[in-house]
Participant: 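Have a look at the structure that comes next, please.
Chain letters run A, B, ... following the sequence lines, proteins first and then strands; every chain starts at 1. All values below come from the heavy atoms of this structure, side chains included, with hydrogens, waters and symmetry mates left out.
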Amino acid sequence: MSTHRIGFAVKVLGEGGLPSHDARRWQSDPHLRVSLGYLEAILGYLERKELPMYRVVTQLAPYATHPDLPQFHGQIEECAEELAAIGARAAELDIRLSSHPGQYTVLNSEDERIRRSAAAELESQAALFDAMGLPAEAVVVIHVGGAAGGMEAACDRFLEGWELLSDAARARVVIENDDRSFAIRTVAELSKRCGAPVVWDILHHRCHDPDQVPDREALDLAFATWPEGVVPKIHYSSPRLDMGEKKRKVGRRVERTPALPQLRAHADLVDPIAFEYVMRDLGGGPDFDVMVEAKGKDLAVLRLREQLIARGMEIEAGWLIVG
DNA sequence: CGATGTCAAGGAATC
DNA sequence: GATTCCTTGACATCG
């Protein structure tokens with residue numbers, strides 16, 4: 001028997017929508033303190049809905065590492081008390097938190113300045129979770145980065161970037177397979193060299209897996225990289241299947257043409273049938289958590305849960321139980 | 001008020 | 001070497 005938290009990312013759509021951070025522009029002096037007020041409200045929502053896992057927005061501390069805005073750089077220290085309190089609240093509710101810096105955080109960039117700014121961003125994310133007193137399961141997920149110069153050179157550059165990180169940051173950062181360059185086997189090998197655990201993203205795996213690694217093996221590869229006592233996690237999403245449209249400017253008017261979605265595009269919701277198959281196949285062994293990436297956010301997770309229950313799967317206090 | 005432009009940030013493809 | 005897309009949301013500004 002295995003247990004699994006199911007989480008969602010950043011934005012709360014339920015209850016009419018809740019703000020996830022102080023997103024005002026720098027001219028209006030946004031502050032982490034405001035974001036933490038929002039986060040507190042979100043924790044309340046998570047408690048009410050029995051949602052045990054949540055990805056906080058990377059920009060929780062606005063401009064915290066912006067090179068031209070040093071006046072914003074001390075927010076984490078300024079909010080030490082508030083951070084400790086909210087971290088304690090998350091612990092009390094047993095909610096697993098994480099974050100996921102996006103495409104601009106490239107630790108393996110060819111440009112050393114960009115590697116340094118990526119490292120600064122990761123230090124900040126780690127400092128935030130440290131100030132909250134969160135356990136090791138609160139990880140900061142990143143992609144390996146760009147593939148310039150080939151996989152080998154790109155992985156070597158990642159290690160150069162890794163060298164820039166403090167022990168505190170290294171203890172939080174985990175690496176994820178992506179949908180075009182770094183497949184699960186490559187990421188697992190890189191993990192052996194730097195020690196970062198691996199998050200396996202199943203949709204990315206469907207998009208890019210030149211080594212043809214079977215699901216079970218990919219799962220084992222990823223989970224072997226996690227330290228004893230820290231529950232691993234995976235990313236799960238269903239591909240978008242509806243037609244979108246492409247907008248193109250022709251002169252002064254906008255022309256809309258139908259566009260077929262890429263496999264990697266996230267759907268609004270999660271296909272419960274595919275999810276059930278995957279979880280019955282992969283569950284029943286070690287515990288692991290599942291971060292759902294769907295445009296429907298919390299609503300997608302709540303709907304998925306209802307559908308799993310209707311299918312006879314067991315959910316207890318928001319945790320999925322398999323086997 | 002609704003529509004449109006802009007945002008801190010990189011990489012890769014294309015011209 | 002410069003431009004555009006990728007992809008996403010919300011602030012900010014314009015009409």
Participant: For the pair made of CD in A:Q103 and P in B:dA13, what is the distance, rounded to whole Å?
Facilitator: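 After rounding, the reported distance stands at 15 Å.
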Participant: Could A:R206 and A:D179 be called an ion pair, given the rule that one side-chain N must be under 4.0 Å from one carboxylate O?
Facilitator: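 Between A:D179 and A:R206 there is no salt bridge, as every charged N stays at least 4.0 Å from the carboxylate O atoms.
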Participant: What is the minimum heavy-atom distance between A:N177 and A:H205, and which atoms define it?
Facilitator: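 That would be ND2-N, 3.6 Å.
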Participant: Considering every strand and a 4.0 Å limit on heavy-atom distances, what is the contact class for A:S28: base, sugar-phosphate, or nothing?
Facilitator: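 Answer is sugar-phosphate: A:S28 comes under 4.0 Å of backbone atoms only.
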Participant: Can you list every stem that DNA chain C is part of, counting only runs of 3 or more consecutive Watson-Crick or G-U wobble pairs with both distances under 3.5 Å?
Facilitator: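 The stems that DNA chain C takes part in, listed by first number, are B:1-7 with C:9-15, B:10-15 with C:1-6.
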Participant: Between P on B:dA9 and NE2 on A:H73, what's the gap in Å once rounded to a whole number?
Facilitator: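 My rounded result for the distance is 13 Å.
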Participant: When hydrophobic residues are tied together by side-chain contacts of less than 4.5 Å, even through go-betweens, does A:L107 share a cluster with A:F129?
Facilitator: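 They do share one cluster, since a chain of ILVMFWY contacts under 4.5 Å joins A:L107 to A:F129.
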Participant: Using the P atom on both, measure B:dT6 against C:dT3 and round to a whole Å.
Facilitator: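 Straight-line distance between the two P atoms is 15 Å.
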Participant: Take the protein atom CG of A:D111 and the nucleotide atom P of B:dA12, then report the distance between them rounded to whole Å.
Facilitator: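 So the CG-P distance, A:D111 to B:dA12, works out to 13 Å.
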Participant: Which of these, A:L128, A:L97, A:I86, sits in a side-chain contact (heavy atoms from CB on, under 4.5 Å) with A:L134?
Facilitator: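 Only match with A:L134 under side-chain contact (heavy atoms from CB on, under 4.5 Å): A:L97.
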Participant: Rounded to whole Å, how long is the line connecting atom CG of A:L203 with atom P of C:dT7?
Facilitator: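 Answer to the nearest Å: 12 Å.
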Participant: Roughly how many Å apart are B:dA3 and C:dT7, using the P atom of each and rounding to a whole number?
Facilitator: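 After rounding to an integer number of Å, I get 25 Å for this pair.
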Participant: At under 4.0 Å between heavy atoms, what does A:A147 touch on the DNA or RNA strands: base, sugar-phosphate, or nothing?
Facilitator: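 If one applies the 4.0 Å heavy-atom cut-off, A:A147 turns out to touch the sugar-phosphate alone, with no base involved.
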Participant: Given atom CZ of A:F158 and atom P of B:dG10, what is their separation to the nearest angstrom?
Facilitator: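 From A:F158 CZ to B:dG10 P: 18 Å.
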Participant: For C:dT13 and B:dA8, measure between their P atoms and round to the nearest Å.
Facilitator: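 One P to the other, the span is 12 Å.
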Participant: Let's test your reading of the model: under 3.5 Å, does the base of C:dC11 pair with the side chain of A:R24 as donor and acceptor?
Facilitator: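 Looking at the base of C:dC11, it does not pair with any donor or acceptor on the side chain of A:R24 (distance under 3.5 Å).
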Participant: Charged N to carboxylate O below 4.0 Å: is that the case for A:D130 and A:R172?
Facilitator: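 Salt bridge: yes.
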Participant: When you compare B:dG11 with C:dA10, how far apart are their C1' atoms, in angstrom units rounded to a whole number?
Facilitator: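 Looking at atom C1' only, B:dG11 and C:dA10 are 24 Å apart.
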Participant: Using heavy atoms to find the nearest nucleotide of DNA chain C for A:S20 and A:R264 separately, return the residue whose nucleotide is more 5′.
Facilitator: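 This one resolves to A:R264.
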Participant: Give A:K11 one of three labels, base, sugar-phosphate or nothing, depending on what nucleic acid heavy atoms sit under 4.0 Å from its own.
Facilitator: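 Sugar-phosphate only.
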Participant: On DNA chain C, does the nearest nucleotide to A:H266 precede the nearest nucleotide to A:W26 from the 5' side, or the other way round? Give the residue.
Facilitator: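 In this pair, the answer is A:H266.
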Participant: Base, sugar-phosphate alone, or nothing: which one does A:Q27 contact when heavy atoms must sit under 4.0 Å apart?
Facilitator: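 Contact class for A:Q27: none.
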Participant: Quickly work out the A:I142 CD1 to B:dG10 C1' distance and round it to whole Å.
Facilitator: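 A:I142 atom CD1 is separated from B:dG10 atom C1' by 14 Å.
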Participant: Write down the atom of A:D289, the atom of A:M53, and the distance for their closest heavy-atom approach.
Facilitator: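 Closest pair (atom of A:D289, atom of A:M53, distance): CB-SD, 3.7 Å.
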Participant: More than 12 heavy atoms of other residues, nucleotides or ligands under 6.0 Å from CG of A:L69: yes or no?
Facilitator: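 More than 12 within 6.0 Å, yes.
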Participant: Measure from the side chain of A:S109, starting at C-beta and using heavy atoms only, and say which of C:dC11, B:dA8, B:dG10 lies closest.
Facilitator: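 Among the listed nucleotides, the one closest to the side chain of A:S109 is B:dG10.
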Participant: Expressed in angstrom and rounded to an integer, what is the separation of A:Y63 atom OH from C:dA10 atom C1'?
Facilitator: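 Result: 11 Å.
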Participant: Under 4.0 Å between a side-chain nitrogen and a carboxylate oxygen: does that hold for A:K233 and A:E137?
Facilitator: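 Salt bridge: no.
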Participant: Just to be sure I understand the rule, does A:A148 reach a base, reach only the sugar-phosphate, or reach nothing, if contact means heavy atoms closer than 4.0 Å?
Facilitator: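 Result for A:A148 = sugar-phosphate.
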Participant: Measuring to OP1 and OP2 of B:dA8, would you say a side-chain N or O of A:Y104 lies under 4.0 angstrom away?
Facilitator: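 Checking B:dA8 against A:Y104, no side-chain N or O comes under 4.0 Å of OP1 or OP2.
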Participant: Please report the distance, rounded to the nearest Å, between NZ in A:K295 and P in C:dA10.
Facilitator: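 Between P of C:dA10 and NZ of A:K295: 13 Å.
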